[in-house]
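Data block below; observations after.
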Number of protein chains: 2
Amino acid sequence: MFAPFGFARLMTSTNPVSADPANDIDAQHIRDAIRDAIVERRLAPGTKLSENDVGGLFNVSRTLVRAALQALSYEGLVNVEKNRGAFVAHPSIAEARQIFATRRLLEPVVLREAARHIGKPEIKRLRLLLADEERLTRERGASARRAEIKASGDVHLAIAEMTGNAILKRFMDELVARSSLVIALYGQSVVSSCGHSEHQRIVDALERNDVDTACELMLEHIDHIEADLDLRPATKSSNLKDAFGL
Amino acid sequence: MFAPFGFARLMTSTNPVSADPANDIDAQHIRDAIRDAIVERRLAPGTKLSENDVGGLFNVSRTLVRAALQALSYEGLVNVEKNRGAFVAHPSIAEARQIFATRRLLEPVVLREAARHIGKPEIKRLRLLLADEERLTRERGASARRAEIKASGDVHLAIAEMTGNAILKRFMDELVARSSLVIALYGQSVVSSCGHSEHQRIVDALERNDVDTACELMLEHIDHIEADLDLRPATKSSNLKDAFGL
DNA sequence: ATGCCTATTATCGTATACAATCTAGTGATT
DNA sequence: AATCACTAGATTGTATACGATAATAGGCAT
């Protein structure tokens, strides 16, 4: 069987790999490519990631693909089922709630920690990200939509990076990536036009050194994202929907 | 070259593997064995984990060993250097500080979250862990010492588990494991006789539902652990020490 | 037509093989 | 004596091969 449906989504359109002469692709490269594809929702939750098919796309053996999939499994973006294969994670409603619960717990901590290291240049960098995000909001097309999703996460990650704490940053990496998966599954609106202005207000508060307000806004922001999800206890149709949508 | 120095420390003494008939060892098994060895400080930071040697110990091929080492690398317990091999992590002073800084940020959050789910049975479970810990404190010998180290971490992990949040729990898993590594490297006293009574007071506070005090005690506890470390900027001897100690 | 059983095929799990890279040791040169 | 160059050995990186497991399809009985 061939890659069942547009597996080529895995590749960024500007980066054809087949017949690439200087082709030094390693496991990390593959891992990043798959993660980007998942986070930008080019790969739907539940999609099977066959070792052969992925390897074929990148012109590498299963060995490297396995390494990449194993790493992604550790990040919670991929589920590896023994003797069955790897699938793009398909978080349950309980997991979805847990991911957002953890964000509500961690983001204020991150924000306060970041605030201690934020000065003029950091604010400037955040403003640039916000500008990017806003520009994408106004553009049309699927590609802009994907970029917007990524940009929205990047704001949170940039703040995490400003803590200067690599561990904290990595925890946030995981949470943001998995959130994207949850939104892909349970999101209702195309979201984030509201999300953007909220980011802006958070940065405004940071600029005023008003960390308490920034934290409150952050919590509201997370609440709004979660409110846009349909986390009701699985109208049984979800099973059917999977069968068809896939 | 053979396993340079008592590589057999990797194996738990009660679990001989060679010539084991029902020998269904997988990557996870190896990963756990190595992690336990690191956390219980049977393997010194910086030790090279040769794929051949480890594979030989478990009677498996390099394939499984590589998978295990890769997973451990993601947890921060092992550093994999390209084309050079895997080494038990040897956290720098900066990393050590970061690990404890992150614990100071996270543990209060974890504690408050856990407190919401803690009732009589949870307190009872913690008391049991404390009893174990105290018993080990009084026992003599290296094996009791190792068990004590593990027991001390288990108290923190049990609390994390009581949050009911698997993600948070995993974050704490990583932090506690890496802390053990830092203590192995920079610890001065054999520690933890003080640590135990501090755990006890934290649980006491939890039992009284006095979460604020529990958090304060937790922060003091972490401070005490860190205070026992020698995190001065590297008397250059550390390089020499490696050469000899290994 | 439905359900159960078996044979086939595809995919994964692990070991092995070979190529690329690093390390150590030897000897020549300054 | 110290440094550099080079070769031999060991170790890792990646591909491939083979056995094990699970999904699939076809035949038979009900």
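Proteins come first, then strands; the chains are lettered A, B, ... in the order of their sequence lines, and each starts at number 1.
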Integer-rounded Å distance: [N] [atom2] and [X] [atom1]:
X	N	atom1	atom2	answer
B:Phe87	C:dC22	CZ	P	13 Å
B:Ile30	C:dT14	CD1	C1'	11 Å
A:Glu51	D:dA22	CD	C1'	14 Å
A:Asn59	D:dT14	CG	P	15 Å
B:Ile25	C:dG13	CD1	C1'	15 Å
B:Asp53	D:dT12	CG	P	8 Å
B:Asn52	D:dT12	CG	C1'	9 Å
A:Gln70	C:dT14	CD	P	11 Å

### Task
Look only at the side chain of A:Glu122 and the backbone of A:Met162, and say whether a donor-acceptor pair between them is shorter than 3.5 Å.
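Looks like no, no N/O pair under 3.5 Å.
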### Message
When you measure from the side chain of A:Ser179 to the backbone of A:Leu175, do you find a donor-acceptor pair of N or O atoms at a distance under 3.5 Å?
### Response
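Yes: the side chain of A:Ser179 pairs with the backbone of A:Leu175.
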Which nucleotide in the list [options] gets nearest to the side chain of [X]?
X	options	value
B:Leu64	C:dA15, D:dG13, D:dT12	C:dA15
A:Lys48	D:dT12, C:dA15, C:dC12	C:dC12
B:Arg62	D:dA15, C:dC12, D:dG13	D:dG13
A:Asn83	C:dT14, D:dA22, D:dT14	D:dA22
A:Asp26	D:dT11, C:dG13, D:dT14	D:dT14
A:Ser50	C:dC12, D:dA15, D:dT12	C:dC12

### Message
Can you tell me if B:Thr63 touches the phosphate of C:dT14, counting only side-chain N or O atoms and a distance under 4.0 Å to OP1 or OP2?
### Response
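B:Thr63 to C:dT14 OP1/OP2: no side-chain N or O under 4.0 Å.
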### Message
I want to check one thing: is the phosphate of C:dT21, taken as OP1 and OP2, less than 4.0 Å away from some side-chain N or O of B:Arg84?
### Response
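Answer no for this pair, as no side-chain N or O of B:Arg84 is under 4.0 Å from OP1 or OP2.
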### Query
Going by an N to O cut-off under 4.0 Å, is there a salt bridge joining A:Arg35 and A:Asp32?
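A salt bridge links A:Arg35 with A:Asp32.
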### Task
Side-chain contact test, heavy atoms from C-beta onward, threshold under 4.5 Å: evaluate it for A:Arg41 versus A:Arg145 and give yes or no.
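A:Arg41 vs A:Arg145: side chains apart.
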### Query
Start at the 5' end of DNA chain D and walk down; is the nucleotide closest to A:Val60 or to A:Lys82 reached first?
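Residue closer to the 5' terminus by nearest nucleotide: A:Val60.
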### Message
Classify the ring geometry of B:Phe171 against A:Phe171: parallel below 30°, tilted from 30° to 60°, perpendicular beyond 60°.
### Response
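It falls in the parallel class, under 30°.
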